[in-house]
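These values consider heavy atoms only, across backbone and side chains, with no hydrogens, waters or symmetry-generated copies. Being a predicted model, the structure only gives us computed values, none of them experimental.
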There are 2 protein chains.
Amino acid sequence: MLISELSERADVSIATIKYYIREGLLPKGTSTSPTRAEYGEQHLQRLRLIRALVDVGALPLAGVRAILNAVDDDSVNLHYLLGTAAYALEPRPERPVGDPEWDRAERTTDELLAEFGWKVTEHAPARLKLTRTLATLDRLGWHIDPGLLRAYADSAARIVRHEFGTVDFDRPRAEVVEYAVAMTVLMENAMTALHRLAQEDMSGRVLDTAGQAPDAPHV
Amino acid sequence: MLISELSERADVSIATIKYYIREGLLPKGTSTSPTRAEYGEQHLQRLRLIRALVDVGALPLAGVRAILNAVDDDSVNLHYLLGTAAYALEPRPERPVGDPEWDRAERTTDELLAEFGWKVTEHAPARLKLTRTLATLDRLGWHIDPGLLRAYADSAARIVRHEFGTVDFDRPRAEVVEYAVAMTVLMENAMTALHRLAQEDMSGRVLDTAGQAPDAPHV
DNA sequence: CAAAACTGGAGAGTAGTACTATCCAAGGAA
DNA sequence: TTCCTTGGATAGTACTACTCTCCAGTTTTG
């Protein structure tokens with residue numbers, strides 16, 4: 001197909017497709033004449049994946065590029081690829097030194113990981129993210145209930161067992177790899193959405209709502 | 001305290017503090033002379049909350065402003081405030097018409113909400129977010145296992161019960177309100193971080209990792 | 001008491017991200 | 001043959017979140 005058809009089928013403007021090609025997110029079409037190039041189904045699928053990661057996953061293009069490079073590199077195994085996705089999802093926060101809140105948060109994180117027997121690398125972005133969140137809450141004067149944290153971790157473990165149960169590792173690598181990336185990025189969205197829905201339901205049950213509708217934003 | 005002390009204690013540059021005041025995120029200090037103004041502890045706390053929402057919660061400043069306006073408005077009850085926070089967290093996605101994937105996803109969302117008995121408004125951003133995520137996965141050719149979705153929802157319900165258990169509704173309103181906002185925004189971070197940590201652990205157990213370390217980004 | 005440093009306030013300038021628009025000459029379709 | 005589309009390149013735009021510079025008045029310091 002020509003670029004115009006690709007543009008229409010993926011619902012992405014030609015200018016944007018050209019931009020993605022320039023930026024190395026999408027491979028070039030195969031030239032058939034000096035002013036014509038042919039695009040295939042794989043271009044369409046890739047374009048849809050990019051849009052999904054950008055629109056739904058809210059990833060910066062640099063992150064998308066990092067993930068796609070790893071996806072395309074056959075020497076990268078799946079565990080490592082998931083790691084790459086995790087890195088792309090989060091800019092690496094640097095660890096402040098001599099910060100009492102950070103040190104306390106780090107201890108809490110380490111204890112939790114030990115308690116659940118989770119083996120993750122020292123520099124896993126998610127580990128730093130958790131630590132930073134706990135340190136920030138501490139700095140704001142709120143100390144998180146350890147039981148709540150354990151409930152989160154317990155839920156995470158349960159969910160991940162479910163997720164891995166749905167992966168068919170016998171399918172072609174490219175397919176498994178794209179599925180894994182979509183799982184990591186998109187289902188995280190679904191999870192936070194469900195969290196907020198449960199919160200809205202619970203807050204409606206617990207709190208007085210008489211006279212105020214919660215369906216109009218207060219901006 | 002003067003602006004320089006506020007800047008130092010909150011670890012935010014004077015220029016940025018001035019910018020926040022201009023943008024209406026932070027109230028002015030009380031002027032003591034034409035070139036001097038006094039800032040109090042509440043300025044410091046507010047500044048820390050802004051930084052937490054921006055840095056850890058990755059909220060845009062417009063979203064932070066919307067939340068803070070609702071926090072400061074005593075006529076806004078807690079249920080409504082949580083709704084405001086939810087709106088600030090997500091730009092309202094518009095609903096495409098005549099899109100088969102979207103319609104299927106919407107049906108899945110509605111069924112799930114009905115099954116769990118969650119009462120949420122029609123236009124809840126989280127509801128649209130979930131629908132959009134499911135529609136996107138559908139468009140990419142992956143159909144989510146209903147059991148997995150139910151596992152997510154189940155975890156969300158369990159977590160929210162825990163969260164509401166830790167809130168002391170008898171404390172002063174300002175305190176409860178800030179706690180609720182922090183809960184919504186920051187603990188979501190903690191949740192996704194734990195999800196990724198559980199994923200890394202599981203992927204290390206299930207997949208071959210020989211010869212490759214997952215702790216260096218593939219960029 | 002004079003020089004240096006700091007203050008609040010205002011406006012302009014900057015860096016990064018993600019496009020979007022314009023131009024061009026060569027090909028193809030009506 | 002006339003018009004439209006194409007690939008390729010370059011420049012421009014919109015938005016966000018600061019950051020810088022300037023100013024005149026005010027403290028602080030030597």
Side-chain angles (χ1 to χ4, degrees), chain A residues 1-40 43 46-68 88-92 219, chain B residues 1-40 43 46-68 88-92 219:
Chain A
M1 76 189 94
L2 291 171
I3 199 170
S4 55
E5 190 184 340
L6 180 64
S7 162
E8 210 164 312
R9 285 228 269 159
D11 198 25
V12 174
S13 78
I14 292 180
T16 302
I17 293 176
K18 287 177 169 183
Y19 168 67
Y20 286 166
I21 293 173
R22 276 203 302 285
E23 293 293 308
L25 291 163
L26 197 66
K28 286 185 186 180
T30 50
S31 298
T32 58
S33 92
T35 62
R36 214 130 280 220
E38 182 70 13
Y39 297 86
H43 287 93
R46 173 56 55 98
L47 201 43
R48 289 203 175 122
L49 183 61
I50 294 171
R51 294 310 313 181
L53 261 31
V54 169
D55 287 344
V56 182
L59 286 198
L61 290 189
V64 175
R65 182 166 36 228
I67 290 181
L68 294 180
L89 259 38
E90 215 69 40
R92 187 197 301 247
V219 188
Chain B
M1 74 188 95
L2 290 172
I3 199 171
S4 56
E5 190 184 341
L6 181 64
S7 162
E8 209 165 314
R9 285 228 269 158
D11 198 25
V12 173
S13 79
I14 292 179
T16 301
I17 293 176
K18 289 177 169 184
Y19 168 66
Y20 287 165
I21 293 173
R22 273 205 303 282
E23 293 295 307
L25 291 162
L26 198 66
K28 288 186 184 180
T30 51
S31 298
T32 57
S33 93
T35 62
R36 215 129 281 220
E38 184 69 14
Y39 298 86
H43 287 93
R46 173 57 54 98
L47 201 43
R48 288 203 175 123
L49 182 59
I50 294 170
R51 294 311 311 180
L53 261 30
V54 168
D55 288 345
V56 182
L59 285 198
L61 289 190
V64 175
R65 180 166 38 226
I67 291 181
L68 294 180
L89 257 39
E90 215 67 42
R92 187 196 302 246
V219 188

(request) Look at B:S33 and D:dT27 and indicate whether a side-chain polar atom (N or O) is within less than 4.0 Å of OP1 or OP2. (result) yes

(message) In this structure, how many angstroms lie between the P atom of D:dA17 and the CG atom of B:D55, rounded?
(response) 12 Å

(request) Please tell me which of A:S31 and B:R36 maps to the more 5' nucleotide of DNA chain D, matching each residue to the nucleotide holding its nearest heavy atom. (result) A:S31

(request) Go through the steps to decide whether A:Y39 and A:R46 satisfy the test side-chain hydrogen bond (donor to acceptor under 3.5 Å, both in side chains), and finish with yes or no. (result) CA-CA 11 Å; A:Y39 297 86; A:R46 173 56 55 98; over 6 Å; no

(message) I want to verify a distance call: between D:dT6, D:dT19, C:dG8, whose nearest atom is closest to the B:Y39 side chain?
(response) C:dG8

(request) Could you tell me whether the phosphate oxygens of C:dT20, OP1 or OP2, come under 4.0 Å of any side-chain nitrogen or oxygen in A:T16? (result) yes

(message) In whole Å, I'd like the distance from the CG atom of B:L6 to the P atom of C:dC6.
(response) 17 Å

(request) Take B:P34 and B:P60, find for each the nucleotide of DNA chain D with the closest heavy atom, and name the residue whose nucleotide sits nearer the 5' end. (result) B:P60

(message) Nearest whole Å is fine: how far is D:dA17 C1' from B:I21 CD1?
(response) 16 Å

(request) Using only side-chain N and O atoms of B:Y20, determine if any of them is under 4.0 Å from OP1 or OP2 of D:dC18. (result) yes

(request) For the residue pair A:V64 and A:Y20, establish whether any side-chain heavy-atom pair is separated by less than 4.5 Å. (result) no

(request) Send over the distance from B:Y19 OH to C:dG8 C1', rounded to a whole Å. (result) 18 Å

(request) Using atom CD of B:E23 as one end and atom P of D:dT16 as the other, report the distance to the nearest whole Å. (result) 10 Å

(message) Expressed as a whole number of angstroms, how long is the span from A:I17:CD1 to C:dA21:P?
(response) 15 Å

(message) Need one value for A:A37: base, sugar-phosphate or nothing, where a base atom within 4.0 Å counts as base even if backbone is also close, heavy atoms only.
(response) sugar-phosphate

(request) Using a cut-off of strictly less than 4.0 Å, decide whether B:S4 has a side-chain nitrogen or oxygen near OP1 or OP2 of C:dT7. (result) yes

(request) Answer yes or no: is there a donor N or O on one side and an acceptor on the other, between the side chain of A:R65 and the main chain of A:E23, under 3.5 Å? (result) yes

(request) Answer yes or no: side-chain N or O of A:K18 and base N or O of D:dG8 forming a donor-acceptor pair under 3.5 Å. (result) yes

(request) Provide, to the nearest angstrom, the distance between the CG atom belonging to A:L25 and the P atom belonging to C:dT17. (result) 13 Å

(message) In whole Å, I'd like the distance from the CZ atom of B:R65 to the C1' atom of D:dC18.
(response) 14 Å

(message) Quiz question: going by heavy-atom distance under 3.5 Å, is there a donor-acceptor pair between the base of D:dT19 and the side chain of B:R22?
(response) yes

(request) Check whether any side-chain heavy atom of B:R9 lies under 4.5 Å from a side-chain heavy atom of B:L47, and answer yes or no. (result) no

(request) For B:L2 and for A:R51, find the nucleotide of DNA chain C with the closest heavy atom, then tell me which residue's nucleotide is more 5'. (result) B:L2

(request) Specify the closest pair of heavy atoms between B:L68 and B:L25, including all atoms of both residues, with the distance to one decimal. (result) CD1-O, 3.5 Å

